[in-house]
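These notes are about the structure you will find just below.
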Amino acid sequence: MKINFYPLDFDYQVKDGQTYVYLFGRTEQGERLCVVQAYKPYFYVQINDIDKEELTKKLSKLLIENKLEPAKVTSWEEVEKELLGKIQKLLKIYVNYPKAVPLISRELSSWGIECYEKDILFVHRYLRDQKILPMTLVQVEGELQKEGGLRVPLFIATKIEQVSHESIPKLKMLGIDIETYAKDKIIDLEKNPILMLAFYGVDEKGEEFRKVITWKRFTHKLDYLEVVSDEAELINRFKQVIIDYQPDILTGYFSDGFDLPYIKHRADKYHIELDIGLDYSSLQTGGKADFKEGEASITGILHLDVCKFIRYIFGKNLKTDSYTLDAVAEELIGHKKHVVNLDNLAHVWDDGLKELNDYCEYNLHDAHLVLQLCQKLLYDMIEFTKIVGLPTYDVIRMRFSRLVENYILKRAIEYNVLAPNKPVHEEVDQRMEETFQGAFVYEPIPGLYKDIIVFDFRSLYPSIITAHNIGPESFHCDCCKNVKEARVPTQDEYWFCNKEKKFIPTVLEQLISIRADLKKQIKEAKARKENTTILEARSWGIKTLANSFYGYLGFFGARWYCIECARSTTAYARNYILTTISKAEEVGFKVIYSDTDSLFVLLGEQGMEKALKFQKEINSHLPGQMELELESYYPRGIFVAAKGASDKGAKKRYALISKEGKLKITGFEMVRRNSSLIAKEVQEQVLRMVLEDKTKEAFDYAQKMIVELKAGKISLDKLIIKTQITKELKEYSSIAPHVAIAWQMIKKGERIAPGSVVQYVICKGSGLVRDRAKLPTEVKDYDAEYYLNNQVLPAISSIFAVLGYSEEELTKRSSQIGLGKFF
DNA sequence: ATCGAGTATAA
DNA sequence: GTTGCTACTCGAT
C-alpha cells in the first residue's frame, strides 16, 4: 500500500529492541496519520591506526548497565569519510537504542578511541539520512495497522521517499493564551491560578474557532465564553478542546516559557494528566515558568512558540526593538494594542466585576494575534525547515549558528563528510581568547556633499569565501604552499587550496547561486502578477543562512570553527575595498566614505556613464560570485565631525537624501533607541531641511524647538528615554539612570529581567541624573536643561557645525525669548 | 581631564 | 554568528 503524506511532527520510541521513528502528519487527502519506520542508531569511531579485529572483539562483548536495558553494540561496518579534508578509516557502530550512543561512545573514548557524530539527535539523523524534508510530500510504502494505540491511524512503513518539494498547502492551527492571577504583579505559579484561557483557531477551510474558558460567574454576553466551576475544570477543558479540535499546529507567544509550563504546573497540582499527545503522552515542558529558556512539546502536535522564532531569527527584519506581542503584532499585522490594565485583573476578579468582560475580550484578542502572527510567519518557518531539513519545531528554536551548522550537517551526507566534534569546555575557553581584525572604515571629512554615488559589494563576505575557497578543509592544503595566488593578502602565513573547491565554500556557493536564481524567478513572477510570498520567504531564508557562514566560522562553539578562515575573509574584504578605493581615485573620482563593503564617491563633473564604466571595470577583475553594484545616486549627503575633533569625520554617522526625497539616516541619535523622541524628531527635521538645501529654515526650526523645550511645552511621551537592562541588577557596578529606574520598578513589584527595556524621564531637581530619573507616570516637571544639553543639542549641533553655525547661535534667541516669556 | 562601564548601532 | 583601531553618555576619580 502506498500513501502520499506530509510529515509535520516527529518522535521516536524503542520497542522490543527496535527503534522506531514516528512521523505525525496528514495524508495528501487531509487525513491525520502517524507513519512509523524502524531505524538504527549509530555513530563513528576512527580506526586509522587501530587493530580492527581486536576492537570489534571488545565491542561485541561490551555491555553497559542502564536503568531499563543495558546498552550494547549490535553491529558495525567499515567506512571511509572525509574529516576536515582528510580521508579517515572509520567504524560505523550501531547500537541497540538511541540513548546507548552517548553511553557506548563515552566508554570508547575512555579507551582512547576518537568518536564522531555521537551527539547527533536520532530523529535528525533519520531525516537527513532518509533525505526527508518535513512539511513536504513524501510517499510511504507499507501497511495500515488496525490497532495502533494512538489517537490517529498508524501506518508501518517499509519505504519512504520524497516525492515533491512543495510544502503542505493547508494547516489547522490553534493559538492559545492564558491570563493568570497576579496581585502586585507577582507571578507565582504555585499560589496563583489560571483565571482564563483563550483559543483562536482556524481550520483548513479557513473557518474560525473562538473560545475563552474562565471559572468566575459574571454577567456577560460573550458567545465564545465558557464558564466552568473551577480552575481544575478549566484545565480539563483545555485538554479536551485540544483533543477535540485536532490542530496540526498549536501556537503561542512565549508559550515555551510561560503559558504551557504554567498550565502544566497547575495541572500537576490537581493531578490532572495532560495526555494530549497523539500517542497519549503528556505535554512536556522543560524549565519552569520563570522566564528562563525552556521548551514545551506535545507529541504529534507541532508546537510553535512564535516569540522564539522572532527573537532568534526574524527580529532582525523588524524595526521594533521590543519583542512584546503588542509591538511585534503592530508591525507585522498592523494591529493596535487592546487597552486593558492587566494589573487590575486580580482585583476585578476578586470582586467579580463586569469588567471581566474586557479581560476575556483581551484574552481572546491575544490568542487571535498569536494565531495571525503564526500564519504570517509560517511561510518563513516552513522555508527554513526545508532548507535546513529538520523539524519546524527545532528550526524555529535555533539561533543562526545552529541553523548554519545543521544545514552543513545535511549537506555533509552528500559529500561523504564526517562532522567534526563540538569543542569541549577547555577548547571553548581557548577559542574565546582568539580575536581577529574586522572591516575597514574610511574616515570621512565632515561636510555637506552633492551628487554622491554609492557602490557596494553584493554579499561581500559570502562571495569572498566562495571565490577564494575559504574553509577549514582548504586551509593550508599540501598542494598550494608555493602557489602565489592562494596566499591571503596581509596574512602572509595563510593560504587556501587553489586546485580543488572544498566542502564549505562549495555548499555556500550553491546557496548563493540558488538565491540568485530565486531572485530571477521572483522578478518574473512579479511581472506576471503572481504571488511571490513563498519565493520571497525562501530567498530571505537562504540569504540569512549564507550571511551567517562568516560569523559561524569565527564562532567558538562551531564544529567547523576556523578562525583563520574568518580572519582571511575580513583580510580579503579589506584588500578589495582598499583596492577599489584606489582605483576609483585613479580614474578621477573623489572618494568620501567607505565602510566594509561600500564605497561613496562624488560624481563631480563626470557623468553617470563614467560611474558605470568604473563599475564594469572593477567587476571585470573580480573572481567568482563577487560583484560590485551601483547601489544608488544621492543628490545630497552630510557627514558630521567626530566629537571634539572638528576636522575628523565621525565614522558610521551620516545622512543621505534620495532623488525621491527619501532620507537614509545612519548611526545618528535618530535611529537609536536610547535617545528621546524629541531629540530624534528635531534631528530628523533638521537633517531633512539641510539635505533639502533649506539651511535657514533648519536653523529657525531648531531655534523654535529649543524655545519650546525650555518653556516646558514638550509633551511627556517625547521625553521618554528607553534603555535595556542587560544583566541582573545586582551585577551592575555603576548605577546609571536606567539601573536606578529598574530598582524603582522592582520596588513597585514589576519584573525586571535581563532583556527588559525600561523607560524614564529626567526631571528637575538637584543631584545626580540617576536621582532625577522618574517613571513616565510620576513626572511633574521635566528638566529642560538636561534635555537641551544632553539630548537635543548633541543631536543637532554636529549637523549645524558642518554648516558653520555654533551652539551659541542656536541657543541665543531661545535664552532671550525664553527668559522673556518666563519672567 | 580622563577612564571604565554600559548601551547601542553598522556592516 | 562576527568585529568595529565605532561613538556616545554617565559616574567615578
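Reminder, nothing fancy here: chain letters follow the sequence lines and each chain counts from 1. Only this structure's heavy atoms are used, side chains among them; waters, hydrogens and symmetry mates stay out.
Taking atom P on both nucleotides, B/dG6 is separated from C/dC5 by 23 Å, rounded to a whole Å. Between C/dG4 and B/dT7, the distance separating the two C1' atoms is 15 Å to the nearest Å.
Between B/dG6, B/dA10, C/dG11, one nucleotide has an atom nearer to the side chain of A/Asp595 than all others, and that is B/dA10. The side chain of A/Phe436 lies closest to C/dT3, out of C/dT3, C/dC10, C/dA12. Candidate nucleotides C/dG4, B/dA8, B/dA11 were compared by shortest atom distance to the side chain of A/Arg673, and B/dA8 ranks first. Nearest to the side chain of A/Pro737, among B/dG6, C/dG11, C/dT2, sits C/dG11. You'll find that the side chain of A/Lys652 is closest to B/dA10, out of C/dG1, B/dA10, C/dA12. Among the nucleotides C/dC10, B/dA11, B/dT7, the one closest to the side chain of A/Thr596 is B/dA11.
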- prompt: What dot-bracket string describes DNA chain C from 5' to 3', counting Watson-Crick and G-U wobble pairs whose defining distances are under 3.5 Å, with [ ] for crossing pairs and | for pairs to another strand?
  reply: .||..||||||||
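One interatomic measurement links the two molecules: OH of A/Tyr550 to P of B/dA10, which rounds to 17 Å at whole-angstrom precision.
By the neighbour-count criterion of 12 heavy atoms within 6.0 Å, atom NZ of A/Lys648 is sparsely surrounded, having that number or fewer from other residues, nucleotides or ligands. Atom NZ of A/Lys722 has 12 or fewer heavy atoms from other residues, nucleotides or ligands within 6.0 Å. Enclosure of atom CD in A/Glu493 is not indicated, since only 12 or fewer non-hydrogen atoms of other residues, nucleotides or ligands lie within 6.0 angstrom.
A/Phe455 pairs with exactly one of A/Val601, A/Thr580, A/Asp597 by the side chain to side chain contact (heavy atoms under 4.5 Å, CB included) rule, that one being A/Val601.
A/Leu460 is listed as a side-chain neighbour of A/Met626, based on a closest heavy-atom distance under 4.5 Å.
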- prompt: Taking it one step at a time, do A/Phe549 and A/Tyr407 satisfy side-chain contact (heavy atoms from CB on, under 4.5 Å)?
  reply: CA-CA 11 Å; A/Phe549 267 64; A/Tyr407 176 74; 4.2 Å; yes
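Of the two residues contacting DNA chain C, namely A/Arg653 and A/Val441, the nearest-nucleotide position lying further toward the 5' end is that of A/Val441.
Within 4.0 Å (heavy atoms only), A/Arg770 reaches sugar-phosphate atoms of the nucleic acid but no base atom.
Taking the six-membered ring where tryptophan is involved, the planes of A/His468 and A/Tyr576 are tilted, since the angle between them lies from 30° to 60°.
Within a heavy-atom distance below 4.0 Å of DNA chain C, the residues of residues 790-800 of chain A found are A/Asn790, A/Pro794.
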